[in-house]
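I have placed the structure first, in the form of structure tokens, so that the comments after it can refer back to it.
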Amino acid sequence: QVLLVESGGGVVQAGGSLRLTCAVSRRIITGDSMGWFRLAPGKEREFVGGISAIGLSTAYADSVKGRFTISRDNAKNTVYLQMNSLKPEDTAVYYCADDYHRAIGVSTNEYEYDYWGQGTQVTVSS
């Protein structure tokens, strides 16, 4: 069983920044792609961004491109989501997900991900 625990959510004013952290309970081998998704009230869960197994490639939703940055530290079994220039429409529960044994590339499809965290709330006030 793989456990993922997100932290770093909170309330921030528009234009502010937050950094989310995803701690993984087991060693993130170089064969796992990692992703971030979010779920806002009344909407479907959507892909935010992802990073390939050894961090050589990333992918982002158009809505966050240029504002959010994903990084990973495999030695610490941790993935990060740096969120800058936050907007009220970024308000959502943010989830970290593990695409087990995807060695190349990043999937934007939530059904490709095998393990999920419990989520952390991000609220951006206007």
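Values below: every heavy atom of this structure, side chains too, minus hydrogens, waters and symmetry copies.
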Q: Compute the ring centroids of W36 and F68, then answer whether they are less than 6.0 Å apart.
A: no
Q.
I need the single residue from Y94, Y111, W116 that forms a ring-ring contact (aromatic ring centres under 6.0 Å, His included) with F37. Which is it?
A. W116
For a 4.5 angstrom cut-off between non-hydrogen side-chain atoms, does [X] reach [Y]?
X   : Y    : answer
L4  : M34  : yes
R38 : V122 : no
V79 : I70  : yes
L3  : V24  : no

Q: Flag yes if more than 12 heavy atoms outside K43 fall under 6.0 Å of its NZ atom; otherwise flag no.
A: no
(Q) Tell me whether L81 shares a hydrophobic cluster with V93, the cluster being built from Ile, Leu, Val, Met, Phe, Trp, Tyr side chains joined at under 4.5 Å. (A) no
Q.
Test of understanding: clusters of I, L, V, M, F, W, Y form through side-chain heavy atoms closer than 4.5 Å, transitively. Do V64 and V106 belong to the same one?
A. no
Q) Going by an N to O cut-off under 4.0 Å, is there a salt bridge joining D90 and K87? A) no
(Q) Tell me whether the rings of Y100 and Y115 are parallel (<30°), tilted (30 to 60°) or perpendicular (>60°). (A) perpendicular
Q.
Measuring from atom CG of D98 to atom CG of D32, what distance do you get when rounded to the nearest 0.5 angstrom?
A. 4.0 Å
Q: Rounded to the nearest 0.5 Å, what's the gap from OH on Y80 to CG on D73? Could you check?
A: 5.0 Å
What are the two closest heavy atoms between [X] and [Y], and how far apart are they?
X    : Y    : result
Q121 : A92  : NE2-O, 3.4 Å
T91  : V124 : OG1-N, 2.9 Å
L39  : E44  : CD1-C, 3.7 Å
Y95  : E6   : CA-OE2, 3.3 Å
A59  : F47  : O-CZ, 3.7 Å
A103 : A53  : O-CB, 3.6 Å

**Q.** Check against side chain to side chain contact (heavy atoms under 4.5 Å, CB included), Y60 and R67
**A.** CA-CA 10 Å; Y60 297 94; R67 300 187 297 122; over 6 Å; no
When you measure from the side chain of [X] to the backbone of [Y], do you find a donor-acceptor pair of N or O atoms at a distance under 3.5 Å?
X    : Y    : result
R102 : Y113 : no
T78  : A23  : no
S52  : S57  : yes
S33  : I51  : yes

